[in-house]
> 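Can you read through this structure? Questions will come right after.
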Amino acid sequence: MYLELQQRLTARLKTVLVDLYKLQPSDVDPAVFAVEQPPELAFGEYALPAALKLARALRKSPKMIAEEIAAALTPMEGFASFEVAGAGYINAKLDRAHLAKLLAAGAEREQPKRDRVLVEHTSINPNKAAHIGHLRNAILGDTFVLLLRAAGHSVAVQNYIDNTGVQVADVVVGFEHLEKKSKADVQALIAGSGGGSRKSFDYLCWDIYARVSQWYSEGTLEEQAAKKQLRLDTLHLLEHGGNATSELAELISTAVLRRHLETMARLGIEYDFLPRESEILHLKFWESAFEKLKATGVLYLETEGKNKNCWVMRRMGAEMNEGLDEDAKVIVRSNGTVTYVGKDIAYHMWKFGLLGRDFGYKIFHTYPTHTCWISCEHGEKEHPHFGGVEAIYNVIDSRQSDPQSNVIQALRGMGHTAEADRYTHFSYEMVALTPRYAEELGYTVSDEDKKKAYIEVSGRKGFGVKADDLMDLMIAAARGETLKRHTDWSEAEVDKTSEQIAYGALRYFMLRFTRNSVIAFDQKDALAIEGETGPYVQYALVRAKNIFRKAGVTPEEALAGLAENAELAKPTVLAESAEKAELAKPTVLAESAEKAELAKTLGGDEGADIWALLVRASKRSFVLEQSLVSSEPAYLAKHAFQMAQEFSNFYHKHHILNEENETRKKLLLATAAIALRELVKTLELLGIEAPEMM
RNA sequence: GCGCCCGUAGCUCAGCUGGAUAGAGCGAACGCCUCCGAAGCGUUAGGUCGUGAGUUCGAAUCUCGCCGGGCGCACCA
């Protein structure tokens, strides 16, 4: 609602400036039409710096201009006043009763249909159990998908599966050469391992992967070289396909992938399509891309220096040394094989529909509401259309920003500048462990590491926390708290609530930090259910629900009580584009005794906290927009927390059920209902559930 | 060596397209349950915004240098 009113204010400001100063909006610095937020709510809800920006051009004092504009803006539907403040800011104050009624009516603008976009996230190597760092990736990606969808985008979620890489090869080496397991043995292991327990196949692979990594570095130099060669040979067998080793790899990677989907499903994270590297290789994606890269001159054959006989791509800002660019990125090796970046260029051309080839598709998994497809060479005739989207977001950790920018540069070099501009590397920093927590987990921490703020986890060393273990630990802790408070609950109730709290706590913790901040994970912080956490937000909402349970009134009834006879609050008022001029025309509202009383309550000092809560509640779509343009879900997480905090304050201060003044009680109940609705919807955007009780 | 990111309260972090007294959580001290659940609420203490210069009427925010920390820079993926 806040966003809609702001857009109307902008539209009206434009017409006023055209009328007053004959300005052509297209010729003017957009900053003139900026709408900011005053530092304090007491100053108003919006601040217009227009007069400050126009002073020089109009050769008048900012204050005079501000007075003129303020006078011309008045009156305006939804706004109570426009006041000149400071050097020439115009502070706009909302009509408080009006906003309260709008919020109670819950009028939301219909989202216009926006672009088709593709979000790639999770993309865990299918060779071992998911760990804590993967959780950050998947939670960030999944939440961003929720935000995009809420804003009207049609989103396909992809989880890229590198099933032919060295990491899978390492585990295959482990099974074949360390464990001496046959394909049938591995099949039996997979069949015998239950999901979610320590006996799971992905856990087994976790240990084998760590052992193989250790094994590579043992023995004489000759032995080590032989092991390296074994690793390389295995990798080539996987890439080539059609042999016993690649079949074993397929078996292993698919089983681990299924476990990853189970792990993520616990948090409500689902996928639409799983493109695999094996198909990118076998369906000759690279060959198509190579032709186009050569034709556009992005790649050239190096004839001199260390990269002789390689096809290379010039890096951004690379310097030539005597006509030779030795810093160029090798895309095709001198032996004719393609590097990782090369394959990635082909894959991303496919994403934008620029490749001229497609995957085969078959169904891999069925979720309650949709199916998840996986790539294959010869798939179903009927399948959804993936790829060919307008914008993409790749949730990939910040260490990969170089290869990511190489891909973008290749697209740009081929002339696909529009695509390059809409390619977002949604980068994020790693999740590490605090030294203290690493010790708690039983790892030996060196004295040097103890001084650090955090220690990086390493799948190679088997050092870290597995995602499923972490969730189990958090559920157990939440369960302890729940049991303390509700001795009379059934087992099912305790289970459900504990899971809602634990998963909410985890998702919130991964989202509350901005993307480029390293998260130093500590069990104590993660399990904390006080402070800026998911459970705090959930608790606020549960308190709101309790009010209605006791009052014998539903939130819907409370909202209707305030919204009634509010013609102006009808959704249609806001359904059309706010840019349209007719919306900016001043209209006068019908006055009523009830509205006057509302205005009095909300306007006084006593009502300041109620007003602050209502304004906060009105900002969901505004914060959603901010989160989207900056690709930063943390803003919405912060919004949820602030809502919860202001509601807790309100809850403490006003004893709604004892309120004797009927109009006041109606307002308080409606405010609680608005806060409840907004808390639930904001948490929904973050993928966090709202418990009934806790 | 080159590139990217970071340095804000004891700790963990917001704020960074320049603008109205620098914010939050944790931790610390104190206070609040005959009243919708105290997993809560309130009050207080705590900051030369790494450092030096520059641009500007105005800099935590922009530019440059320096110091400290992290990560990239393979014919690995």
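Throughout, protein chains are lettered first and strands after them, A, B, ... in sequence-line order, and every chain is numbered starting at 1.
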> Considering Watson-Crick and G-U wobble pairs with both distances under 3.5 Å, what does B:C71 pair with?
B:G3

> Got a salt bridge between A:R616 and A:E646, using NZ or NE/NH1/NH2 to carboxylate O under 4.0 Å?
yes

> What parts of residues 538-546 of chain A reach RNA chain B, counting only heavy atoms under 4.0 Å away?
A:Y539, A:R543, A:N546

> Report all interatomic pairs (protein N or O, nucleotide N or O of nucleotides 68-70 of chain B) with separations under 3.5 Å.
none

> Given the side-chain rings of A:F521 and A:F509, with only the six-membered ring counted for Trp, is the space between their centroids under 6.0 Å?
yes

> Verify the contact: side-chain N or O of A:N516 to OP1 or OP2 of B:C6, cut-off strictly under 4.0 Å; return yes or no.
yes

> In whole angstrom, give me the gap between the P atoms of B:G50 and B:U61.
8 Å

> Between A:Y347 and A:F285 (judged by ring centroids, cut-off 6.0 Å), do the two rings come close enough to count as a pair?
no

> Ignoring backbone atoms, establish whether A:Y635 has a side-chain N or O less than 4.0 Å from OP1 or OP2 of B:G15.
yes

> So does A:N335 get a side-chain nitrogen or oxygen closer than 4.0 Å to the phosphate oxygens (OP1/OP2) of B:C75?
no

> Does OP1 or OP2 of B:G25 have a side-chain N or O of A:R512 closer than 4.0 Å?
no

> So, under a plain 3.5 Å distance rule, would you say the side chain of A:S334 forms a donor-acceptor pair with the base of B:C75?
yes

> Within the structure, does a side-chain N or O atom of A:R333 lie under 4.0 Å from either OP1 or OP2 of B:A77?
yes

> Report yes if the distance between the aromatic ring centroids of A:Y635 and A:H639 is under 6.0 Å, otherwise no.
no

> Please determine, for the side chain of A:Y536, which listed nucleotide (B:G40, B:A39, B:G25) has the closest atom?
B:G40

> So, under a plain 3.5 Å distance rule, would you say the side chain of A:N91 forms a donor-acceptor pair with the base of B:A20?
yes

> When you compare the side chains of A:R314 and A:Y300, does any donor N or O come within less than 3.5 Å of an acceptor on the partner?
yes

> For B:C75, take OP1 and OP2 only and decide whether either is under 4.0 Å from a side-chain N or O of A:N309.
no

